[in-house]
Amino acid sequence: MFNQPTQDETSAQPLPASNNLATASKLAWDAAVMVQHPPHPVDVWQQAKDKWQQAIALLESISNDPAVAAQVKEKLPTYRENYAAISVRLAAEQSAADQLQEAQNLAWQAAVAVQNPPHALKVWQTASSQWQAAIALLEKIPRTTTAFAKSQEKLVTYRNNYDIIHQRAETETSALIALKKLSETAVQLSNLAKNKSDPSAQNSSNQSAIDKRSTDQNLTDQNSTGMAYQDYTRMVQEMEEALAQFASQPDAKKHLIYSDLEEAVEDHRRVLKLWQSYTDFKKNEPSGLYENTATQFFPVSAKKALR
């Protein structure tokens with residue numbers, strides 16, 4: 001037969017509700033203390049959140065016990081408020097940590113992509129966009145998070161790198177514009193020469209009535225020996241402007257194609273100088289054979305020029 005506890009012994013034993021209330025109060029205290037003097041890393045906010053959650057669960061489990069109901073009713077709203085506040089801070093800290101990590105990943109990708117130049121324009125543009133995206137992520141990190149201090153340190157480096165890569169992309173764009181302008185001129189002169197040597201090439205396509213004026217002009221051009229002086233002068237000016245824009249970019253003259261472009265433009269300048277010398281000679285010729293340069297044409301080849 002088991003011995004029954006005395007009345008004194010029974011009253012001395014803590015009641016389960018009181019135990020739960022005390023434990024909940026201890027958890028709440030620990031949670032409040034550990035998040036003092038923020039910011040804190042994710043794991044600290046998570047531990048505090050877990051403690052508030054446990055404390056709330058304990059209080060809810062004894063909320064119907066008359067012995068502690070009043071105290072539970074008083075504490076529960078505060079605990080729930082604190083739990084909600086900690087959850088918000090945890091979410092903000094986690095988001096900031098994720099943003100920092102994503103920014104670092106983008107920066108790493110951008111840095112690796114532009115190693116061992118030269119590169120195509122698309123590579124520089126992609127790297128520039130990645131640096132820009134990384135900067136945008138860092139700029140969104142709240143001051144109240146632990147990631148903020150590190151984000152500010154990296155922002156200085158990331159912005160400098162973006163400026164460098166963005167400028168390289170701008171230089172490459174200018175190089176392509178200049179190259180395209182010279183290429184278009186070369187193609188136009190090549191097609192002109194081809195059309196002169198094969199007049200039927202311009203008449204092979206069917207022309208509608210609305211294109212009659214253009215067709216008549218083509219037929220007139222077939223009898224000429226090349227490109228109109230004014231048109232050629234305009235083309236050279238456009239090439240010079242494109243090259244000048246390219247040259248204005250930092251380190252443009254160190255670019256692989258700069259010297260070739262400069263030499264090509266200089267060749268066209270020489271042609272204009274030779275033509276000007278020729279027209280000056282015609283002006284002073286006693287025979288009076290001078291013709292208006294606006295109606296004259298550049299030869300499309302040396303062979304045609306000698307005819």
Side-chain angles (χ1 to χ4, degrees), residues 39 41-43 90-191 235-268:
V42 170
D43 60 336
L90 172 60
E93 188 67 38
Q94 184 63 64
S95 176
D98 292 344
Q99 286 175 301
L100 178 61
Q101 185 60 55
E102 187 178 353
Q104 290 175 316
N105 292 341
L106 285 168
W108 182 83
Q109 294 170 16
V112 169
V114 297
Q115 287 183 347
N116 305 317
H119 300 294
L121 173 61
K122 185 66 176 178
V123 174
W124 294 111
Q125 289 177 330
T126 299
S128 177
S129 297
Q130 288 172 326
W131 282 116
Q132 194 171 26
I135 291 170
L137 285 169
L138 294 182
E139 289 176 337
K140 293 178 181 177
I141 292 178
R143 185 181 296 273
T144 55
T145 63
T146 56
F148 179 76
K150 193 170 184 179
S151 72
Q152 296 306 295
E153 293 177 7
K154 291 189 173 296
L155 266 175
V156 176
T157 302
Y158 285 19
R159 284 169 176 157
N160 288 337
N161 290 344
Y162 168 75
D163 289 342
I164 294 171
I165 299 303
H166 180 69
Q167 184 57 65
R168 288 297 297 267
E170 289 292 313
T171 299
E172 199 65 36
T173 299
S174 295
L176 289 180
I177 291 173
L179 180 60
K180 181 181 179 183
K181 181 59 64 177
L182 267 70
S183 298
E184 288 174 348
T185 301
V187 169
Q188 188 170 351
L189 293 173
S190 176
N191 289 340
M235 290 173 60
V236 174
Q237 290 174 345
E238 290 176 353
M239 287 187 288
E240 289 176 331
E241 290 171 1
L243 182 63
Q245 176 61 32
F246 178 29
S248 68
Q249 301 296 327
D251 297 325
K253 295 184 179 181
K254 297 179 182 179
H255 197 284
L256 292 176
I257 68 168
Y258 181 81
S259 59
D260 292 335
L261 293 177
E262 186 179 39
E263 183 178 351
V265 172
E266 185 58 34
D267 287 342
H268 287 288

- Item | Q245 versus S248, closest heavy-atom pair with distance | O-OG, 2.6 Å
- Check: S183 and K180 side chains under 4.5 Å, non-hydrogen atoms: no
- Query: About how many Å separate CH2 of W124 and NE2 of H119, when rounded to the nearest 0.5 Å?
  - Reply: 5.0 Å
- Task: First locate atom CD of E139, then atom CZ of R159, and finally report the distance between them rounded to the nearest 0.5 Å.
- Result: 4.5 Å
- Query: Looking only at heavy atoms, what is the nearest atom pair of L121 and T173, with distance?
  - Reply: CD1-OG1, 3.3 Å
- Task: Would you check if W131 and L106 make a side-chain contact, meaning some heavy-atom pair closer than 4.5 Å?
- Result: no
- Query: Which heavy atom in R168 sits nearest to a heavy atom in P117, and how many Å separate them?
  - Reply: NH2-CB, 4.2 Å
- Query: Is I177 close to F246 at the side-chain level, that is, under 4.5 Å between some pair of heavy atoms?
  - Reply: no
- Stepwise, does the side chain to side chain contact (heavy atoms under 4.5 Å, CB included) test hold for E266 with E262? CA-CA 6 Å; E266 185 58 34; E262 186 179 39; 5.6 Å; no
- Note on the structure: Looking only at heavy atoms, the pair that brings Q104 and Y158 closest together is CA-OH, 3.5 Å
- Note on the structure: Note: P142 and T145 closest approach over all heavy atoms is O-OG1, 2.8 Å
- Message: Return the CG to CD1 distance between N160 and I165, rounded to the nearest 0.5 Å.
- Response: 11.5 Å
- Starting at CD of E238, measure out to CG of L182 and round the result to the nearest 0.5 Å. 11.0 Å
- Which distance, rounded to the nearest 0.5 Å, do you find between the CG of L137 and the OG of S95? 9.5 Å
- Item | W108 and V112, any side-chain heavy atoms less than 4.5 Å apart | yes
- Which residue, E172, H255, Q167, forms the side chain to side chain donor-acceptor pair (under 3.5 Å) with Q249? Q167
- Message: Would you compute the distance between atom CD of Q130 and atom CG of N105 and round it to the nearest 0.5 angstrom?
- Response: 10.5 Å
- With a 4.5 Å heavy-atom cut-off, do T144 and P39 have their side chains touching? no
- Message: For the backbone of F148 and the side chain of S151, can you confirm whether one donor and one acceptor N or O come within less than 3.5 Å of each other?
- Response: yes
- Message: I need the minimum non-hydrogen distance between V114 and A127, along with the two atoms involved.
- Response: CG1-CB, 3.6 Å
- Under 3.5 Å: donor-acceptor pair, side chain of H166, backbone of S128: no
- Item | Contact check, side chains of T171 and D251, non-hydrogen atoms, under 4.5 Å | no
- Task: May I have the step-by-step check of side chain to side chain contact (heavy atoms under 4.5 Å, CB included) for L138 and Q99, ending in yes or no?
- Result: CA-CA 7 Å; L138 294 182; Q99 286 175 301; over 6 Å; no
